[in-house]
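Side chains are part of it too, since the values below use all heavy atoms of this structure and drop only hydrogens, waters and symmetry mates.
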Amino acid sequence: MTHKFKAIAPLVGFFVLALVIAGCKPAEKKAPDSEAPQDAAAEATANAAPATTETDEAPPAPATTEAEEAPPAPDAEESTETESHKVLLGSDELFAGISGEGPLTEEQIKVWLDDPKNHETLEIELPLGLSAGALQVKGVDKNPLTRAKIELGRQLYFDTRLSSDATISCSSCHDPDEGFARHTQFGIGVGGQQGGRNSPVSYNRILSDLQFWDGRADSLEAQAVGPIANPIEMANTHDACVTCLKGIPGYQMQFDKIFGKLDIDAVGEALASFERAVVTGPTPFDYYEQLKPFEKLDPEDIEADDDLKAKYEQVSAGAKAHPMSESAKRGRELYFTDKANCSACHVGANLTDEKYHNIGVGMDAEKPDIGREEVTKDPKDHGAFKTPTIRNVALSAPYMHDGSQKTLAEVVEWYAKGGHPNSNLSEKIKKLDLTDQDKADLVAFMEACTGDFPKINRGRLPE
């Protein structure tokens with residue numbers, strides 16, 4: 001039962017922060033008419049994906065040194081081996097589990113562990129949209145991703161034996177079928193116990209460092225093991241959990257081979273590896289962003305340039321296959337302009353600033369949840385909670401840190417009225433002049449930020 005974050009953070013505020021996602025930048029000065037077609041063509045080319053398949057949507061390659069500019073061409077065997085290290089995060093193959101049926105046997109695990117490719121450090125790529133955040137990837141420098149780590153983390157994520165009475169797993173509160181969260185106001189732990197915060201989502205964590213609603217965990221590894229020892233979640237102890245895992249030969253084999261040890265730190269590294277690999281796929285919004293620069297071009301200019309025409313046909317096909325409604329397009333304009341200015345906080349590749357804001361939720365309670373202040377002891381953080389991602393938010397109701405808002409329409413209404421007044425209310429929260437159509441359009445845009453989740457095998461755990 002992991003606690004990361006889910007509710008909609010502030011939708012209003014000051015001028016749009018610098019966006020790293022294509023097509024979501026503040027307006028630049030308009031070039032003279034004679035230069036406009038050339039500049040628009042350059043933007044269209046820059047925003048077009050290099051190929052039509054998701055597997056080719058790689059982030060830009062890092063800069064090379066002079067000595068690296070002209071490496072000798074690898075032979076065919078070396079080229080194939082290098083290619084095998086690359087993987088698109090979110091690919092179903094990462095979560096299929098060790099081949100076979102039923103509980104994992106020791107022999108099946110041994111065969112898996114004996115395959116060197118399962119221990120190779122993966123060269124990761126992010127899907128379209130998220131790929132704009134390639135430079136914001138967190139944690140893999142200290143805990144590199146391998147297939148073996150991801151698979152071990154998958155097993156642990158769905159295994160109730162991590163809890164004190166073998167009834168609760170991470171997926172109990174972060175269920176793939178419920179948007180990697182739960183459609184309950186609060187998480188439910190051992191013995192039906194409930195806390196006071198909504199279960200946040202456990203995807204796109206590779207672009208996030210501090211975890212939990214209040215940011216008290218300094219890494220995904222630290223967060224992953226927190227609920228194990230929480231008395232109202234898994235209600236176990238770290239020592240007892242490790243002892244249990246050591247009594248399962250299939251787990252002992254994997255930890256020995258992958259980490260050279262089985263302790264709570266290794267458990268956290270395995271779980272974090274799995275969660276970092278769970279990312280959202282491209283959305284109608286992402287495909288529309290690729291197409292949008294071409295709308296500035298004269299069709300004759302596109303037709304006259306073979307390369308530009310090919311790129312236009314590519315992104316146009318993607319947008320047609322994943323259409324964004326007219327309502328969602330209007331909502332996009334509201335989202336990224338001052339009228340709603342959602343992007344004051346929901347910004348960047350993952351549509352979150354990863355910061356903490358007091359938006360007034362729950363502040364009318366007799367003893368309100370003080371949020372980030374509990375961690376920093378700084379009064380300015382009173383009632384502030386972490387901004388969640390808008391990606392796939394339509395799948396993870398209810399919303400806010402306390403699960404108090406049941407629909408996205410309720411969330412929009414909250415911001416439209418200016419939140420709940422309190423002494424620490426964020427300066428970004430202001431009453432909005434939105435029509436009923438505006439509100440519906442904002443909901444439609446958020447729904448258009450929904451992409452596919454990977455298919456994940458919940459079974460195949462060590463016997």
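Residues K149 and P144 share a closest heavy-atom pair of NZ-O, 2.8 Å. For P231 against A235, the heavy-atom pair with the smallest separation is O-CB, 3.4 Å. Scanning both residues, L271 and C170, for their nearest heavy atoms gives CD2-SG, 4.1 Å. R332 approaches Y288 most closely through the heavy-atom pair CD-CE2, 3.7 Å. Of all the heavy atoms in L88 and P127, the pair that sits closest is CD1-N, 3.8 Å. The minimum heavy-atom distance linking T146 with H119 is given by the pair CG2-O, 3.6 Å.
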What do the steps show when you test R276 against V140 for side-chain contact (heavy atoms from CB on, under 4.5 Å), and what is the final call?
CA-CA 9 Å; R276 287 195 177 102; V140 297; 4.1 Å; yes
Check step by step if salt bridge (charged side-chain N to carboxylate O under 4.0 Å, His left out) holds for D175 and R458.
CA-CA 10 Å; D175 191 326; R458 296 166 176 257; 2.4 Å; yes
Stepwise, does the salt bridge (charged side-chain N to carboxylate O under 4.0 Å, His left out) test hold for K246 with D263?
CA-CA 9 Å; K246 286 182 176 179; D263 60 15; over 6 Å; no
Pair L156-Y251, side-chain contact (heavy atoms from CB on, under 4.5 Å): steps then yes or no:
CA-CA 9 Å; L156 294 168; Y251 276 134; 3.7 Å; yes
For a side-chain contact (heavy atoms from CB on, under 4.5 Å) check, start with the C-alpha distance between K355 and V347, then their side-chain angles and the critical distance, and finish with the verdict.
CA-CA 11 Å; K355 296 181 181 179; V347 66; over 6 Å; no
Kindly determine whether N204 and T280 satisfy side-chain hydrogen bond (donor to acceptor under 3.5 Å, both in side chains), including the steps that lead there.
CA-CA 7 Å; N204 294 353; T280 52; 3.1 Å; yes
Given side-chain hydrogen bond (donor to acceptor under 3.5 Å, both in side chains), test Q290 with D286 step by step and report yes or no.
CA-CA 7 Å; Q290 284 194 310; D286 297 315; over 6 Å; no
Test side-chain hydrogen bond (donor to acceptor under 3.5 Å, both in side chains) applied to Q108 and T105, step by step
CA-CA 5 Å; Q108 291 168 335; T105 66; 3.3 Å; yes
Full working for side-chain hydrogen bond (donor to acceptor under 3.5 Å, both in side chains) between E221 and N143:
CA-CA 9 Å; E221 286 77 5; N143 184 16; 3.0 Å; yes
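A side-chain donor-acceptor contact under 3.5 Å links T352 to the backbone of T387. Between the side chain of N236 and the backbone N or O of L162, at least one donor-acceptor pair lies under 3.5 Å. Distance alone, capped at 3.5 Å, places no donor-acceptor pair between the S273 side chain and the I150 backbone. Side chain of N118 to main chain of W112: a donor-acceptor pair is present (N/O by atom type, distance under 3.5 Å, no hydrogens or angles). Not a single donor-acceptor pair under 3.5 Å links the side chain of R372 to the backbone N or O of G383.
Residues E178 and L395 fail the side-chain proximity criterion, which asks for heavy atoms closer than 4.5 Å. The closest side-chain heavy-atom distance from K428 to C345 is below 4.5 Å. Side chains of L113 and M253 form a contact here, defined as non-hydrogen atoms less than 4.5 Å apart. Side-chain contact between Y203 and V279: absent, with no pair of heavy atoms (C-beta onward) separated by less than 4.5 Å. Taking 4.5 Å as the limit, some side-chain heavy atom of V190 sits within range of a side-chain heavy atom of T167. At a threshold of 4.5 Å between non-hydrogen side-chain atoms, the residues Q254 and I109 count as touching. Residues V411 and M400 meet the side-chain proximity criterion, which asks for heavy atoms closer than 4.5 Å. In this structure, P282 and Y287 have side chains that are in contact, with non-hydrogen atoms separated by less than 4.5 Å.
Salt bridge present: D214 and R197 bring a charged side-chain N and a carboxylate O closer than 4.0 Å. Comment: D305 does not engage K311 in a salt bridge, judged by the lack of any side-chain N to carboxylate O separation of less than 4.0 angstrom. Note on E101 versus R460: no salt bridge recorded, every NZ/NE/NH1/NH2 to OD/OE distance being 4.0 Å or above.
Separating the CG atom in D369 from the CH2 atom in W213 is a distance of 10.5 Å, to the nearest 0.5 Å. Rounded to the nearest 0.5 angstrom, N457 CG and I98 CD1 are separated by 10.0 Å. How far CG of L152 is from CD of E269: 10.5 Å, rounded to the nearest 0.5 Å. For the atom pair CG of L94 and CD of E151, the computed distance is 10.0 Å after rounding to the nearest 0.5 Å. For the atom pair CG (D177) and CD1 (I456), the distance works out to 9.5 Å, reported to the nearest 0.5 Å. To the nearest 0.5 Å, the span separating OG on S208 from CD on E275 amounts to 11.0 Å.
F274 pairs by the ring pair (Phe, Tyr, Trp, His ring centres under 6.0 Å) definition with F95, Y157, not counting sequence neighbours. With sequence neighbours excluded, the residues forming a side-chain contact (heavy atoms from CB on, under 4.5 Å) with I370 are E373, E374, H382, listed by chain and number. The side chain to side chain donor-acceptor pair (under 3.5 Å) search around D141 returns none, not counting sequence neighbours. Scored by the side chain to side chain donor-acceptor pair (under 3.5 Å) test, N392 finds no partners at all (sequence neighbours excluded). With sequence neighbours excluded, no residue forms a ring pair (Phe, Tyr, Trp, His ring centres under 6.0 Å) with Y356.
For the salt bridge (Lys or Arg N to Asp or Glu O under 4.0 Å) condition, the pairs that include at least one residue of residues 155-170, sequence neighbours left out, are D159-R161.
Relative ring orientation between H346 and Y335 is described as tilted, the plane-to-plane angle lying within the 30° to 60° band.
Between K386 and the options H401, E354, H357, a side chain to side chain contact (heavy atoms under 4.5 Å, CB included) holds for only E354. Under the side chain to side chain contact (heavy atoms under 4.5 Å, CB included) rule, L89 has a single partner from V137, V278, I206, which is I206.
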